[in-house]
Amino acid sequence: MSSSSAFHPDSDVHVTFEDQQKINKFAQFNAQMEDCKDELKNKQNELKNLEDAADELEMLLDDSIQVPFLIGEVFVCKSVEDAQSSLKESKSDLKQSIKEIEDKCSSLKSTMETLKTQLYAKFGTHINLEAE
Amino acid sequence: MEGDKEIVTETDKKKSFAGIPEAFFVDDVDVFMAKPENAGPTEAVIRKLDEQLSKYKFMEYNLSSKKRGLKSQIPDLEKSVDMINMLKKQQAINSGFDTQFLLSEQVFMKATVPPTDKVCLWMGANVMLEYTLDDALALLKKNINTANKNLGCVENDLDFLRDQITTMEVNMARVHNWDVKRRQAIKATS
């Protein structure tokens, strides 16, 4: 906490109940945003792994061999064709959920921007709403 | 009666499920500090607020770990669903398939799985039950739904808790600022 000699030029800005609610909402959205970002990163990693796997499969010269395909904790031997179609399926599922998260992210962002302008308009430099 | 219930859930929607107490909002710091229970030094008041804040933080920590648990549980269940779907497919074409399954960490064994219509689900507490594929699928889907619902509750509680934490933080900052101003005023007059 700042020392008691810190300069508070106009520190009697009154916080109303509504302001408090807005600050709360902002903090809540901010936390949700962090969650979304984490999840997005995980999913994008997963997608990249799937794409790498698909590329590797493409490079196989012999199409008749069986490839072990991981389901849960078990590798199931599949034909190349089967493995490719399974990969494709998981990829499109993943892309779908990535899109959903991105949509959520952008809607959170716009709500946060609105709250930010309102709060900055009221409190000016007395409030800091920037992410660290 | 039914109608009454609905009104209650409507107003309680944003409230917590776990009975988390709501943080009080300080409307006017002067009035708040003039209360008899806050008559002592400002530090004591701030300490009291801080105590409540750390209680909220503790609850947040517990809920977060609960959330993490649920979040890791859901993909596991979904993987089991994938596996059962795979077994069903194999059963439909009536052919077995080769697998390599985890025997222990870093050790895999080869096994051929014949077409099957039964599967054993791990119930926990050293209990495993045999189900038909369809029953197992239904049970897993039910579990996924329950997990998702619980996750929703926990997330709602976390949001609620965050509100209380923010309110407390703002309260503390305002009491602190109020104190700073008061000290400056005393200094100016002396």
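Proteins get letters first, then strands, A, B, ... in listed order; numbering begins at 1 in each. All of these numbers come straight from a predicted model, not from anything done at the bench. Reckoned from all heavy atoms, side chains included, excluding hydrogens, waters and symmetry mates.
In this structure, CD1 on A:Ile71 lies 11.5 Å from CD1 on B:Ile84, to the nearest 0.5 angstrom. Distance check: A:Gln21 CD to B:Thr167 OG1 gives 7.0 Å after rounding to the nearest 0.5 Å.
Heavy atoms from other residues, nucleotides or ligands lying under 6.0 Å from CE of B:Met109 number 12 at most.
A continuous path of Ile, Leu, Val, Met, Phe, Trp and Tyr side chains, each step under 4.5 Å between heavy atoms, connects B:Leu133 with B:Met123, placing both in one hydrophobic cluster. Under a hydrophobic-cluster definition in which Ile, Leu, Val, Met, Phe, Trp and Tyr are linked whenever side-chain heavy atoms come within less than 4.5 Å, directly or via other members, B:Val127 and B:Leu121 are assigned to the same cluster. Taken together through direct or relayed side-chain contacts under 4.5 Å among Ile, Leu, Val, Met, Phe, Trp and Tyr, A:Leu70 and B:Leu77 form parts of separate hydrophobic clusters. In this structure, B:Tyr61 is not a member of the same hydrophobic cluster as B:Leu158, with clusters built from ILVMFWY side-chain heavy atoms closer than 4.5 Å. Follow the hydrophobic side-chain contacts under 4.5 Å out from B:Tyr56 and you reach B:Ile46 in the same cluster.
In this structure, chain A has no heavy atom under 4.5 Å from any part of B:Lys89. In this structure, chain A has a heavy atom under 4.5 Å from the side chain of B:Phe25, while its backbone stays farther away.
Residue pairs meeting the side chain to side chain donor-acceptor pair (under 3.5 Å) criterion with at least one partner in residues 105-131 of chain B, sequence neighbours excluded, are B:Asp98-B:Thr112. Within the structure, side chain to side chain donor-acceptor pair (under 3.5 Å) contacts touching residues 75-86 of chain B (residues at least two apart or in different chains) do not occur.
Per-residue heavy-atom pair counts under 4.5 Å with chain A were compared for B:Glu155, B:Met86, B:Glu169, and the maximum is reached by B:Met86.
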For this session: Check the pair A:Val15 / B:Arg174 against side chain to side chain contact (heavy atoms under 4.5 Å, CB included), numbers first and verdict last.
Result: CA-CA 9 Å; A:Val15 183; B:Arg174 288 177 64 206; 3.5 Å; yes
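Contacts with chain B (heavy atom to heavy atom, under 4.5 Å) involve these residues of residues 29-47 of chain A, listed by number: A:Ala31, A:Gln32, A:Asp35, A:Glu39. Proximity to chain B at a heavy-atom threshold of 4.5 Å picks out A:Glu73, A:Val74, A:Phe75, A:Val76, A:Cys77, A:Lys78 from residues 73-103 of chain A, in numerical order.
The shortest distance between side-chain heavy atoms of A:Gln20 and B:Val170 falls below 4.5 Å.
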